[in-house]
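Values below: every heavy atom of this structure, side chains too, minus hydrogens, waters and symmetry copies. Throughout, a chain's letter reflects where its sequence line sits, starting with A, and its residues are numbered from 1. Bear in mind the structure is a predicted one, so any value in this text is a computation, not a measurement.
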Amino acid sequence: MTFLSILGAIVATIALVHVKVKISSVLMHHATHGKGLKNPIANRVIAEAMSILVLSTPFAEYKRVHDGHHRNSSFASMLDEEAYYLYKLGFQPGTPRSHLWRVFWRTLWSPRFHVRMIMQRLRLNFGFHGTLWRCVMSWGFWLSVMASAAYTNVLPGLLAGVLLPLLVGGNIASFLELASRHRWLVTPPADVRRQFALSHGRYLAPMPPHGKNVMVWIRWFQLVLIAVIARLTVVPGDLVWHIAHHVGLRSAIRENQPAWTDAASAYSALFWADKELKVQSHSSILGAIDVWFIALAVEAPIHPPARK
Amino acid sequence: MKPHTIRKSLAMFPRVTQRFWTWLTGLALPDEKPRKVWSQSNHFLLTFSVFCLAAAIGLASTQNLIGIASQSFS
């Protein structure tokens, strides 16, 4: 029974982190681009409701930050709020690669990082940041969940088994997703479209071994399991293909179908034919981050612009 | 090793497993038949269902572990 409970807690943690990132980085993302549900009102309502489930950023705030991120002039630069956030965490141009990796590992487990992120998520969901009806929905949903859990004496289980994975696990996965998504704060080559040049394809898979050595195959299956967990929690849905989202030249393909619902079918033919896409693709999350750190380390140091 | 090289090498596994490798890598093989594309509402519905199921399992498992821990301490 104890083994089953531990297994259940692990599976539930992976699934809850998956749901958190899928909602905050896939469903909300496409909903704010108007590519969720066809009816704009239903699109907004369902996106807000889903974000309340996982205590993620509200629609209006997400759209404001994301629209700024898509502007070609500010994309992945200090004027992009997501890039500025990474800068503040310590990922600064001109910093040695080894130091960037130290900052990376420290951030993942830093109580300060998690407390700040959790406070920010709670403030966005329970403070007035958007519309009144969203704020009411948020309070109503979470108060009723908490009250039901307290009434049935399962409040500790709710806090440790549901909220902890959603908040702490969600923070870690979202940070990994953000760090591996683009080459933030890096100057792209002048002759390449900025949004394409600074994006990564993240197609996770370990190379299968040759021969019949059992230990080598066991090791490979372990790597496959890690890739499956990373695929579920860090790059769920079409996030492996996020680079295609920033490839304006191929936007005609995106307009013809809701490509995000099955990106592999929609974009693979492009990938096999495109040399540049292959060059900018990586087979691991840490590999993509390392490529970013190498580029960031040789950049000239910059100072943040004055902000209110 | 680049992902497209790895994806090609994964084609050595049985045909029945190729859908799994396509999901994992996000790359369909050039000769792979496209599957039926899910609608947006199906994605929302599936995500909500996974949330409910995972929350129920997480709550029950953790509550049980807390019960076992408190019994062994008392």
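Exactly one residue among A/L239, A/V234, A/L232, A/V235 makes a side-chain contact (heavy atoms from CB on, under 4.5 Å) with A/V21. That residue is A/L239.
Residue B/L27 touches chain A through both its backbone and its side chain, counting heavy-atom pairs closer than 4.5 Å. Heavy atoms of A/V279 lying under 4.5 Å from chain B belong exclusively to its backbone. Contacts between A/K278 and chain B at a heavy-atom distance below 4.5 Å involve backbone atoms as well as side-chain atoms. There is no contact between A/A269 and chain B, counting heavy-atom distances below 4.5 Å. Proximity to chain B (any heavy atom under 4.5 Å) is shown, for A/D238, by neither the backbone nor the side chain. Both the backbone and the side chain of A/S281 come within less than 4.5 Å of a heavy atom in chain B. The contact between A/M207 and chain B is made by backbone and side chain atoms together, counting heavy-atom distances below 4.5 Å. At a 4.5 Å heavy-atom cutoff, the contact between A/I6 and chain B is made by backbone and side-chain atoms alike. Heavy-atom distances place both the backbone and the side chain of B/W23 under 4.5 Å from chain A. Both the backbone and the side chain of B/L24 have a heavy atom closer than 4.5 Å to some heavy atom of chain A.
The backbone N or O of A/F196 sits less than 3.5 Å from a side-chain atom of A/Q280, completing a donor-acceptor pair. Side-chain atoms of B/T22 do not come within 3.5 Å of backbone N or O of B/A28 as any donor-acceptor pair. Side chain of B/T62 to main chain of B/L59: no donor-acceptor pair is present (N/O by atom type, distance under 3.5 Å, no hydrogens or angles). Under a 3.5 Å cut-off, the side chain of A/R231 and the backbone N or O of A/G237 do form a donor-acceptor pair.
Considering only heavy-atom pairs separated by less than 4.5 Å from chain B, the leading option among A/T13, A/N153, A/V228 is A/V228. Contact tally against chain B (heavy-atom pairs below 4.5 Å) for A/V162, A/L53, A/I46: the top residue is A/L53. The greatest number of non-hydrogen atom pairs below 4.5 Å with chain B, out of A/A31, A/G36, A/A227, A/A15, is found for A/G36. Per-residue counts of heavy-atom pairs under 4.5 Å with chain A were compared for B/G67, B/A60, B/A56, B/A55; the largest is that of B/A55. In terms of non-hydrogen atom pairs under 4.5 Å with chain B, the most contact-rich of A/L163, A/V224, A/L166 is A/V224.
Summarising the geometry, atom CE belonging to A/M50 is positioned 4.5 Å from atom CD1 belonging to A/I23; distances are rounded to the nearest 0.5 Å.
Aromatic ring centres of A/H200 and A/H242: separated by at least 6.0 Å. Ring-centre distance between B/F20 and B/F13: not below the 6.0 Å cut-off.
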- Query: Are B/R15 and B/E32 close enough, and set up right, to give a salt bridge (charged side-chain N to carboxylate O under 4.0 Å, His left out), and what steps lead you there?
  - Reply: CA-CA 10 Å; B/R15 202 174 180 79; B/E32 195 173 313; over 6 Å; no
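The side-chain heavy atoms of A/Y203 and B/H4, taken from C-beta on, include no pair separated by under 4.5 Å.
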